[in-house]
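In what follows, every heavy atom counts, from backbone to side chain, and hydrogens, waters and symmetry copies are set aside. Read the numbers this way: they start at 1 and go in the same order the structure lists the ligands and their atoms.
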Amino acid sequence: MVNVLVWYENRPLPEAAEKEKNVYPQGIHGALAELFGAETDLNVRAAVMQDPRQGLSDESLAWADVLVYFSHKHWREIAEDRVDAMHKRVLEGMGLVLLHSAHASRIFARLMGTRTQSLRWRENDEWQRVWTVMPGHPIARGLEKEYFVIPQDETYGEYFEIPQPDDLVFLTTAQGGEVLRSGCCWYRGQGRVFYFASGHETYPVYYQKEVRTVLLNAVRWAAAGSRTGWPVWARETEPPQQV
Ligand code: ZN
């Protein structure tokens with residue numbers, strides 16, 4: 001079984017709160033937990049920023065094989081020691097799936113070493129085409145066409161300040177002509193990180209069939225790096241023996 005911790009900031013901006021409630025009555029974490037919870041190989045817990053330890057306790061992170069993370073405008077409020085704890089767990093092998101506005105999250109910037117909050121954006125009602133550019137990748141499994149269309153989403157575009165992905169799985173084109181590296185994988189320590197850009201909170205993106213396929217694939221791909229238990233030799237420990 002794969003343990004999935006779904007985490008949401010859960011404090012929409014006042015102007016978006018009602019729209020979001022209409023699209024996601026149980027919150028984004030509720031919709032994602034429902035999606036993952038229907039799978040027989042996934043154990044799911046949902047947490048929000050208002051929980052003790054901001055929903056990111058050492059115990060929860062130790063339990064998680066993969067953390068699915070949706071943050072937005074309040075990314076600066078995540079405590080330094082929670083960023084440290086997530087960082088440590090990713091290096092130990094916990095998978096991390098970052099969604100949409102979590103591009104700005106402190107944990108993503110920490111793992112990437114760049115100003116990941118920096119990208120072009122427009123809030124509008126325009127379509128996005130999500131192109132598969134690595135069809136053999138496990139996260140693209142089950143997608144039947146070269147691209148799928150999200151009828152309405154926020155537009156994100158380049159330049160997006162990320163290191164070049166280890167695997168670039170999706171590239172999005174937008175109605176306005178923007179492009180974005182929108183489905184990106186990195187390996188950090190023993191952990192796997194996937195960023196997926198689609199999913200502005202006032203559009204029902206996470207109910208769309210193709211997006212759900214991507215999310216399920218992403219969770220299983222990211223979790224596959226967990227529990228490898230590879231030793232880490234520090235200067236303070238005994239040196240490894242000759243093999
Ligand atoms: Zn958004």
- Note on the structure: min-distance N/O/S atom, H200 vs the Zn ion (ligand 1), resolves to ND1
- Query: Does the distance from a Lys or Arg side-chain N to an Asp or Glu carboxylate O, for D41 and R220, drop under 4.0 Å?
  - Reply: yes
- Check E154 and report its N/O/S atom nearest to the Zn ion (ligand 1), by atom name. OE1
- Query: the Zn ion (ligand 1) to E123: any N/O/S contact under 2.8 Å?
  - Reply: no
- Tell me whether the guanidinium CZ or amine NZ of R192 lies under 6.0 angstrom from the six-membered ring centre of W221 and within 45° of its axis. yes
- Query: Is it true that V68 and Y187 fall in one hydrophobic cluster, defined by side-chain heavy atoms closer than 4.5 Å?
  - Reply: yes
- Task: Verify the distance test for H72 against the Zn ion (ligand 1): any N/O/S atom under 2.8 Å, yes or no.
- Result: no
- Answer yes or no for R45 and W63: cation-pi contact, defined as NZ/CZ to six-membered ring centre under 6.0 Å and angle to ring axis within 45°. yes
- Cation-pi check, K145 to Y147: give yes when NZ or CZ is under 6.0 Å from the six-membered ring centre and within 45° of the ring axis, no otherwise. yes
- Task: Of all N, O or S atoms in H100, identify the one at the shortest distance from the Zn ion (ligand 1).
- Result: NE2
